[in-house]
Amino acid sequence: MGFYYFVFVEKPIKKEEYKGKIITDCGLKVDGEWGEIKKEKEDDIAYTTKNLRAYILLSDHGGYDRIQKFQDDGNAIYWPDFVYNDCFVDDADNDGYPEFYLAYFGLSDGLDAKPLKIIVYNSKVKVGGGFMKAKMTAFYPVGNEGDNYRVEYDEAWLSLPDTIKTRAKEILDRYNLNNPSVVTSK
């Protein structure tokens, strides 16, 4: 089978920084003078628009063959971001063929539900020179009316062995709705 490498590349294309505004409340101070009684500063926010790439490479006689390529491009209202702790190689079904697990959030301008995409490349099943790609997407509500948490699966997902589906669901379970950072953090 060979020796595989799972490589991740982020290509920043634009960075925007928004300085938090300062809010000042004025009123009567303790000494009876009129003036500033309270000042608060909102947090600064930075967004980096980037293109994501991931490659599965096979070591071959001192060189590397690209077996699989993943890509997702950011734009003015969509910012994909790898979840590196949940991108790994495993053999969940113990069949001797590795599966490649890739997880990333798609951040947006706040109008659309926030997706967590979990992609599994199954090396046992070859499709068009690459591996079979199966995807599960969880959509986290961002507060818009009618937004509900939901999980969608592509057609290839249904053909995965249960042990691989279970391993991918473990990733999803770490980002449950009871964890407030899922919906609010980058």
Side-chain angles (χ1 to χ4, degrees), residues 1-11 50-60 63-75 77-108 112-142 144 146-186:
M1 285 203 320
F3 191 77
Y4 290 102
Y5 292 90
F6 202 12
V7 179
F8 303 91
V9 179
E10 291 186 0
K11 181 181 178 190
K50 54 191 163 189
N51 295 337
L52 301 184
R53 303 286 184 269
Y55 302 93
I56 299 172
L57 306 175
L58 177 62
S59 179
D60 182 32
Y64 302 98
D65 288 334
R66 185 178 81 193
I67 305 298
Q68 193 71 49
K69 177 183 178 184
F70 157 84
Q71 68 183 44
D72 196 359
D73 295 333
N75 58 47
I77 59 171
Y78 174 72
W79 311 285
D81 199 24
F82 283 125
V83 183
Y84 286 109
N85 290 338
D86 291 312
C87 295
F88 55 87
V89 181
D90 195 8
D91 183 11
D93 58 356
N94 295 312
D95 65 357
Y97 294 90
E99 301 92 38
F100 299 82
Y101 296 79
L102 184 135
Y104 71 101
F105 272 107
L107 307 173
S108 69
D112 297 317
K114 179 180 175 180
L116 169 63
K117 298 181 182 185
I118 300 169
I119 298 172
V120 178
Y121 293 101
N122 187 344
S123 67
K124 186 175 185 176
V125 182
K126 307 284 192 267
V127 177
F131 299 152
M132 184 188 81
K133 173 186 173 184
K135 181 171 64 170
M136 167 175 55
T137 306
F139 294 92
Y140 296 89
V142 292
N144 294 320
D147 269 355
N148 293 311
Y149 174 80
R150 69 186 189 283
V151 180
E152 296 177 359
Y153 307 91
D154 70 2
E155 191 172 311
W157 187 266
L158 302 174
S159 66
L160 286 175
D162 288 342
T163 52
I164 296 174
K165 290 179 191 175
T166 299
R167 184 70 168 113
K169 190 171 179 328
E170 290 171 4
I171 298 169
L172 181 63
D173 289 346
R174 283 193 281 280
Y175 300 94
N176 64 49
L177 284 176
N178 296 327
N179 181 354
S181 66
V182 168
V183 179
T184 59
S185 73
K186 183 176 174 194

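Counting begins at 1 with the first residue of the sequence.
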*Asks:* Might you work through the ring pair (Phe, Tyr, Trp, His ring centres under 6.0 Å) test for Tyr4 and Phe100, ending with a clear yes or no?
*Replies:* CA-CA 10 Å; Tyr4 290 102; Phe100 299 82; 5.5 Å; yes
*Asks:* Determine whether Phe8 and Leu52 make a side-chain contact, defined as any pair of heavy atoms from C-beta on separated by less than 4.5 Å.
*Replies:*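 The answer is no, as the side chains (C-beta and beyond) never meet within the 4.5 Å cut-off.
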*Asks:* Quick one: pull up NZ in Lys133 and NZ in Lys69 and give me the separation to the nearest 0.5 Å.
*Replies:*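 Nearest 0.5 Å value for the NZ-NZ distance: 12.0 Å.
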*Asks:* Is the NZ atom of Lys126 crowded by more than 12 outside heavy atoms at less than 6.0 Å?
*Replies:*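 Counting other residues, nucleotides and ligands, NZ of Lys126 exceeds 12 neighbours.
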*Asks:* Got Thr166 and Lys169 here, is their nearest side-chain heavy-atom distance under 4.5 Å?
*Replies:*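 No; the side chains remain at least 4.5 Å from each other.
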*Asks:* Answer yes or no: is there a donor N or O on one side and an acceptor on the other, between the side chain of Asp65 and the main chain of Ile67, under 3.5 Å?
*Replies:*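 Side chain of Asp65 to backbone of Ile67: no pair is present.
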*Asks:* Under 6.0 Å between ring centres, would you say that holds for Tyr64 and Tyr55?
*Replies:*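 Centroid distance Tyr64-Tyr55: not below 6.0 Å, so no.
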*Asks:* Are the aromatic ring centres of Phe139 and Tyr149 under 6.0 angstrom apart?
*Replies:*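 Aromatic pair excluded; centres sit 6.0 Å or further apart.
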*Asks:* For the residue pair Pro80 and Lys117, establish whether any side-chain heavy-atom pair is separated by less than 4.5 Å.
*Replies:*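 They are not in contact (no side-chain heavy atoms under 4.5 Å apart), so the answer is no.
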*Asks:* Calculate, to the nearest 0.5 Å, the distance between atoms OG1 and CG belonging to Thr163 and Asn94 respectively.
*Replies:*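 CG of Asn94 is found 7.5 Å from OG1 of Thr163.
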*Asks:* Under 30°, 30 to 60°, or over 60°: which ring-plane class applies to Tyr140 and Phe105, parallel, tilted or perpendicular?
*Replies:*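 Tilted: the ring planes of Tyr140 and Phe105 meet at 30° to 60°.
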*Asks:* Measure the spacing between CG of Asp72 and CG of Leu102 and express it to the nearest 0.5 Å.
*Replies:*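 Reported value, rounded in 0.5 Å steps: 9.5 Å.
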*Asks:* With a 4.5 Å cut-off on side-chain heavy atoms, are Gln71 and Asn51 touching?
*Replies:*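 No, too far: nothing below the 4.5 Å cut-off.
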*Asks:* With a 3.5 Å distance limit and no angle check, can you tell me whether Asp154 reaches the backbone of Lys135 through a side-chain donor-acceptor pair?
*Replies:*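 Flag set: sc Asp154 to bb Lys135 pair under 3.5 Å.
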*Asks:* Taking side chain as C-beta onward, heavy atoms only, is Ile56 less than 4.5 Å from Phe70?
*Replies:*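 No, side chains not in contact.
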*Asks:* Should Tyr97 and Val125 count as side-chain neighbours, where that means a heavy-atom distance under 4.5 Å?
*Replies:*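 Counting from C-beta outward, Tyr97 and Val125 never come under 4.5 Å.
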*Asks:* Hey, does the side chain of Thr137 reach the backbone of Glu152 with a donor-acceptor pair shorter than 3.5 angstrom?
*Replies:*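 Such a contact is absent between Thr137 side chain and Glu152 backbone.
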*Asks:* Knowing that exactly one of Asp86, Asp90, Asp91 qualifies, which makes a salt bridge (Lys or Arg N to Asp or Glu O under 4.0 Å) with Arg167?
*Replies:*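 The passing option is Asp90.
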*Asks:* Do Phe6 and Tyr121 have ring centres separated by under 6.0 Å?
*Replies:*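 Not under 6.0 Å, so no.
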*Asks:* At their closest point, which heavy atom of Ala92 faces which heavy atom of Glu99, and how far apart are they?
*Replies:*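 Taking every non-hydrogen atom into account, N-OE1, 2.8 Å.
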*Asks:* Out of curiosity, Leu158 CG to Lys165 NZ, how far, rounded to the nearest 0.5 Å?
*Replies:*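 Result: 6.0 Å between the selected atoms.
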*Asks:* Measuring from atom NZ of Lys114 to atom CG of Asp147, what distance do you get when rounded to the nearest 0.5 angstrom?
*Replies:*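 That separation rounds to 13.0 Å.
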*Asks:* Are any of the side-chain nitrogens in Arg53 or Asp73 under 4.0 Å away from the carboxylate oxygens of its partner?
*Replies:*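 Yes.
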*Asks:* Does the side chain of Lys50 come within less than 4.5 Å of Asp81's, by heavy atoms?
*Replies:*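 Counting from C-beta outward, Asp81 and Lys50 do come under 4.5 Å.
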*Asks:* Does a side-chain heavy-atom distance below 4.5 Å link Phe88 with Ile171?
*Replies:*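 SC-SC contact between Phe88 and Ile171 confirmed.
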*Asks:* To the nearest 0.5 Å, tell me how far Met136 CE sits from Ile118 CD1.
*Replies:*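 Output value for this atom pair is 3.5 Å.
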